[in-house]
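This report refers to the structure that appears directly beneath it.
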Amino acid sequence: ARGSDPVLFCVAAHGPYVQIIEEPKQRGFRFRYECEGPSHGGLPGASSEKNRRTYPTVKINNYVGHARVEVQLVTHTDPARVHAHSLVGRHCNENGTCSLDIGPNDLTASSVPEPKQNHNLLGSEAKELGKVMDLNIVRLRFTAFLQDSNGGFTRALKPVVSNPIYDSKSPNASNLKISRMDKTCGSVLGGDEIFLLCDKVQKADGRHPAAGPDAAEQPAARRAQHLQPPAAGSLLC
DNA sequence: CCCGGCTTCCC
DNA sequence: CGGGAAGCCGG
């Protein structure tokens with residue numbers, strides 16, 4: 001908490017609380033099915049890079065001692081409800097909840113080393129649930145339990161919920177990708193027309209803006225932010 | 001019955 | 001891991 005901010009300062013001064021110090025990476029991670037096996041890598045942190053991997057991480061502030069941190073998947077809509085999908089991994093149980101004991105010195109938990117998301121449902125179940133919750137978006141909910149005088153982890157702190165994570169396999173969360181372009185050179189004066197062919201295009205992406213203010217246009221505009229550009233400078237030669 | 005789009009599974 | 005085939009489902 002910044003000292004200059006009275007509100008944050010008050011909260012911090014009142015007692016232990018959980019803080020997310022590394023959010024999960026929101027895009028680019030693919031949810032896996034149970035049948036795909038356990039070894040597809042963990043959910044990376046927002047600032048993760050291939051030579052410097054990070055994982056979602058929480059920290060318990062204003063506390064010294066042992067604590068247990070539990071993580072589970074919740075819906076992306078509020079109020080957060082337990083998600084149909086579940087976390088799997090070394091510290092996870094069959095209910096999809098991961099649990100890690102931390103402290104007394106280091107009060108950070110690198111969100112249970114390798115949390116991995118998995119579908120855990122029969123087809124028919126998934127279909128029913130798909131109507132009530134978006135199966136392609138999850139959030140992580142972290143709940144910390146402080147140790148009581150008997151040694152039990154009973155003192156639950158207020159849970160914190162991460163940013164939403166979008167399944168990269170889901171058609172409308174995947175990035176537009178340029179597969180071909182009709183020219184790689186152009187006039188320095190600009191004004192050239194270049195045709196780009198893209199992968200991962202969805203039906204609604206083809207609509208012309210002039211068609212009117214249709215909600216179906218939204219995905220294209222939103223996804224365009226994630227469009228993979230060609231190598232820098234390749235348009236001038 | 002066919003078709004497109006998404007889900008599930010496989011490599 | 002990502003790409004893609006197979007399968008399912010609604011229209």
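Quick caveat: nothing in here was measured; it's all calculated off a predicted structure. Just so it is clear: chains get the letters A, B, ... in the order the sequence lines come, proteins before strands, and each one is counted from 1.
Rounded to an integer number of Å, the gap from A:Asp167 CG to C:dC1 P is 14 Å. Between A:Leu135 atom CG and B:dT8 atom P the separation is 8 Å, expressed in whole Å. Rounded to a whole Å, the CG atom of A:Asn136 is 17 Å from the P atom of B:dG5. With rounding to whole Å, A:His40 atom NE2 is found 14 Å from C:dG3 atom P. For A:Lys169 and C:dG3, the NZ to P distance is 8 Å, given to the nearest whole Å.
Listed candidates were C:dC1, B:dT7, B:dC10. Nearest to the side chain of A:Arg30 is B:dC10.
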Problem - Full working for side chain to side chain contact (heavy atoms under 4.5 Å, CB included) between A:Arg141 and A:Val82 - result: CA-CA 9 Å; A:Arg141 180 167 66 196; A:Val82 173; 3.8 Å; yes

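Among the candidates A:Thr75, A:Asn163, A:Asp78, the single residue satisfying the side chain to side chain donor-acceptor pair (under 3.5 Å) test with A:Arg139 is A:Asp78.
To the nearest 0.5 angstrom, A:His85 atom NE2 is 7.0 Å from A:Tyr33 atom OH.
Using N1 to N3 plus N6-O4 or O6-N4 for Watson-Crick, or N1-O2 and O6-N3 for G-U wobble, each under 3.5 Å, C:dA5 pairs with B:dT8. Remark: B:dC1 base-pairs with no nucleotide in the shown strands. Criterion, Watson-Crick or G-U wobble with two distances under 3.5 Å.
A:Arg68 forms no cation-pi arrangement with A:Phe145, by the criterion of a distance under 6.0 Å to the ring centre and an angle within 45° of the ring axis.
A:Tyr33 has a side-chain polar atom (N or O) that falls below the 4.0 Å cut-off from OP1 or OP2 of B:dT8.
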